[in-house]
Amino acid sequence: MAEIIRSVKGTRDFYPQDMAIRRWMFDIIREVSAQFGYQEYDGPCLEFIDLYAAKSGEELVKEQAFVFSSPGDDMLTLRPELTPTLARMVAQQQYEIAFPLRWWSIGPFWRYENPQRGRTREFFQWNIDLVGTESITADAEIIAVAANFFKKIGLSPQQVKIFVNNRRLMDQAFAKLEISQALRPKVFRVVDKLDKLSVKEWQAYALDTGLSEIQVAGLMDLVKNEDLWQESEDLCELFELLKVFEVADYVQYNPRVIRGLDYYTGTVFEAFEQGGQSRAILGGGRYDNLVADVGGNRLTGVGFAMGDVVMELVLRDAGVIPEKLGNTPEVVVTVFDEETLVESLKLALFLRESGFKTVVYPEPDKLGKQFKYADRLDISVAVILGPDEISSGQVAVKNLKTREQVTIKREDLLEQIGEFLPMGR
RNA sequence: GUGCCUGUAGCUCAAUGGUUAGAGCGCGUCACUGUGGAUGAUGAGGUUGAGGGUUCGACCCCCUUCAGGCACCCCA
């Protein structure tokens with residue numbers, strides 16, 4: 001056998017059983033998004049590199065994007081994120097769109113990273129945004145969308161938590177500690193490290209970034225202060241609203257959530273798996289200048305993004321992925337010989353029109369082999385059509401799960417199949 | 001970019017430096033000419049990732065290289 005050309009590093013093959021899980025997950029995303037009145041959109045997977053250069057910074061484009069020149073010598077990139085595309089699309093029609101807009105999307109993205117658990121080079125991301133309002137209600141709604149997704153997919157507040165903070169609040173707190181503006185991006189990273197390092201390591205790391213000992217001590221107090229939110233009007237209002245949205249049990253204040261991105265200006269949030277791995281599932285927040293960078297008017301919004309890779313890991317850990325996802329055929333029609341093949345095909349046609357997912361064994365073969373095939377495909381019902389049945393206007397129906405078999409009149413076939421099929425098909 | 005681990009049958013894995021590299025699962029055929037999963041019999045399937053070295057002898061030890069996994073870095 002010739003050697004099989006391997007798949008590209010960091011990509012995934014979706015066999016039918018994998019695809020069924022993806023479909024299931026995406027359907028819930030679609031359902032929740034639509035339920036809140038969001039409209040689906042999408043952009044191209046290919047964009048000019050300039051689109052990202054304007055906004056995302058050098059490092060992302062140079063080191064993590066798939067960049068190449070087209071035959072026409074344009075510098076193109078496989079989109080590493082959706083936000084710049086969204087910004088462009090909004091800017092292009094800024095006088096046409098009815099604001100506030102509620103848009104969502106799911107599609108493939110590419111980043112040239114070192115693949116490892118929970119991280120691939122090709123992945124899917126759910127993006128959802130509410131653009132054109134500064135109301136805190138919008139922040140609450142977006143968080144409620146995330147919480148409702150968790151609820152619907154089967155993750156409880158004990159299994160997953162959305163941690164919320166406010167960038168402005170943290171900026172004020174940093175100002176009180178007299179941490180300079182220039183140092184703050186680094187300080188964000190310091191804060192982010194707190195849960196990963198020991199106290200001593202963390203202090204050393206913090207001092208290393210240029211903070212004074214007093215500042216380090218102050219910072220430590222700050223990021224351990226779970227009541228800090230009370231100093232922020234926005235957060236007080238947000239938490240009240242989250243109660244109204246009936247998602248408060250999924251949400252918790254956390255002063256250590258800041259998000260690396262510079263463009264977040266108010267509310268920031270990240271959902272984490274609770275317990276063992278504690279992986280970040282989704283993240284988002286409020287931003288001030290979505291479209292200004294690509295030449296539009298100032299527009300604020302709030303949104304989040306969720307990758308499918310970590311999400312699926314978490315769902316697996318939680319054991320909430322259904323065993324049966326209903327992507328298998330339901331009925332197999334057996335074929336006795338060349339003469340009866342046409343009868344089998346006609347019967348299958350009838351079953352399909354009646355709404356059953358039906359396959360026909362493609363050629364005459366031993367019944368045993370046909371059953372074995374059906375069994376391998378996890379098909380529940382076999383319809384047996386041989387010369388005896390044809391001449392008597394009957395049909396044999398076998399429940400492959402229970403081995404029960406009955407011979408009935410043709411007109412009773414649909415009812416019989418319905419009886420043999422497992423519930424909830 | 002850095003570090004650790006792993007590459008043996010289609011899959012999951014064995015095999016003190018010593019005969020012809022094995023097992024389970026899967027696959028083919030038969031027992032079974034209109035009835036599957038079980039059982040039994042039997043068969044196919046390998047350049048041990050690749051290249052070099054040490055050795056009387058290498059799946060095993062050493063070097064190089066390729067690939068994969070995991071962690072760090074980073075995470076828009």
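The sequence lines fix the lettering, A, B, ..., with proteins before strands; numbering per chain opens at 1.
Taking every side-chain heavy atom of A/E113 into account, B/rC74 is the closest of B/rG36, B/rC74, B/rG34. Set against B/rC27, B/rG69, B/rU29, the side chain of A/K369 has B/rU29 as its closest nucleotide. The side chain of A/F371 approaches B/rG36 more closely than any other nucleotide in the set B/rG34, B/rG36, B/rC74. When the nucleotides B/rC75, B/rG34, B/rA71 are ranked by their closest atom to the side chain of A/R117, B/rA71 comes out on top.
Here, B/rG17 and B/rC73 have their P atoms 38 Å apart, quoted to the whole Å. Separating the C1' atom of B/rU20 from that of B/rC61 is a span of 24 Å, rounded to the nearest Å. One C1' atom belongs to B/rG28, the other to B/rU16, and the distance between them is 37 Å to the nearest Å. Comparing the P positions of B/rA23 and B/rA9 gives a spacing of 14 Å, expressed to the nearest Å. The same atom, C1', is picked in B/rC27 and in B/rG45; the two are 9 Å apart, to the nearest Å. Comparing B/rG51 with B/rU12, their C1' atoms are spaced 28 Å from each other, to the whole Å. The same atom, C1', is picked in B/rC63 and in B/rA58; the two are 15 Å apart, to the nearest Å. Distance noted for atom P between B/rG43 and B/rG22: 15 Å (whole Å).
Using a 4.0 Å heavy-atom distance criterion, A/Q370 is classed as making no nucleic acid contact. Heavy atoms of A/Q125 sit nowhere under 4.0 angstrom from any nucleic acid atom. As judged by a 4.0 angstrom heavy-atom cut-off over every strand, A/R189 is placed among residues touching the sugar-phosphate backbone only.
Judged by the 6.0 Å distance and 45° axis criteria, A/R121 is positioned over the aromatic ring of A/Y112. For the pair A/R184 and A/F174, the cation-pi test (distance below 6.0 Å, angle within 45°) is failed. With a 6.0 Å cutoff to the six-membered ring centre and a 45° limit on the axis angle, A/K398 counts as a cation-pi contact of A/F371. Cation-pi check for A/R23 over A/F14 is not met; the charged atom does not lie both under 6.0 angstrom from the ring centroid and within 45 degrees of its normal.
The interatomic distance linking A/R279 (CZ) with B/rC70 (P) rounds to 11 Å, in whole Å. In this structure, the CZ atom of A/R376 is 14 Å from the P atom of B/rC25, given to the nearest Å. Between the C1' atom of B/rG69 and the NZ atom of A/K9 lies a distance of 9 Å, rounded to the nearest Å. A/E389 has its CD atom 8 Å from the C1' atom of B/rG34, to the nearest Å. Rounded to whole angstrom, the span from the CD1 atom of A/I390 across to the P atom of B/rG34 amounts to 15 Å. At whole-Å resolution of the value, NZ in A/K372 and P in B/rC32 are 16 Å apart. One atom, OH of A/Y205, and another, P of B/rC72, lie 14 Å apart when rounded to the nearest Å. For A/D13 and B/rG10, the CG to C1' distance is 15 Å, given to the nearest whole Å.
When each of A/N114 and A/D388 is assigned the nucleotide of RNA chain B bearing its nearest heavy atom, the one mapping closer to the 5' terminus is A/N114. The nearest heavy atom of RNA chain B to A/K193 and to A/G10 marks one nucleotide each, and the one closer to the 5' end goes with A/G10.
For the residue pair A/Q172 / A/R168, no side-chain donor-acceptor distance below 3.5 Å is found, with atom types taken as modelled. In the model, A/E47 has a side-chain atom that pairs as donor or acceptor with a side-chain atom of A/T85 under 3.5 Å. Side chain to side chain, A/Q394 and A/S392 meet the donor-acceptor criterion of an N or O pair below 3.5 Å. Donor-acceptor pairing under 3.5 Å is lacking for the side chains of A/E40 and A/W104.
The phosphate of B/rC30 (OP1 or OP2) has a side-chain N or O of A/K366 nearer than 4.0 angstrom. Taking side-chain N and O atoms only, A/Q116 has a distance below 4.0 Å to OP1 or OP2 of B/rA71.
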Dot-bracket for RNA chain B, 5' to 3', Watson-Crick and G-U pairs with both distances under 3.5 Å, [ ] for crossing pairs, | for partner on another strand, reads (((((((..((((....[...)))).(((((.......))))).....(((((..]....))))))))))))....

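Counting distance only, with no hydrogens placed and no angle test, the side-chain atoms of A/R119 and the base atoms of B/rC74 include a donor-acceptor pair under 3.5 Å. In terms of polar N and O atoms assigned as donor or acceptor, the side chain of A/Q405 comes within less than 3.5 Å of the base of B/rU35 in a complementary pairing.
Judged by distance alone, the side chain of A/S105 and the main-chain N or O of A/Y41 form a donor-acceptor pair under 3.5 Å.
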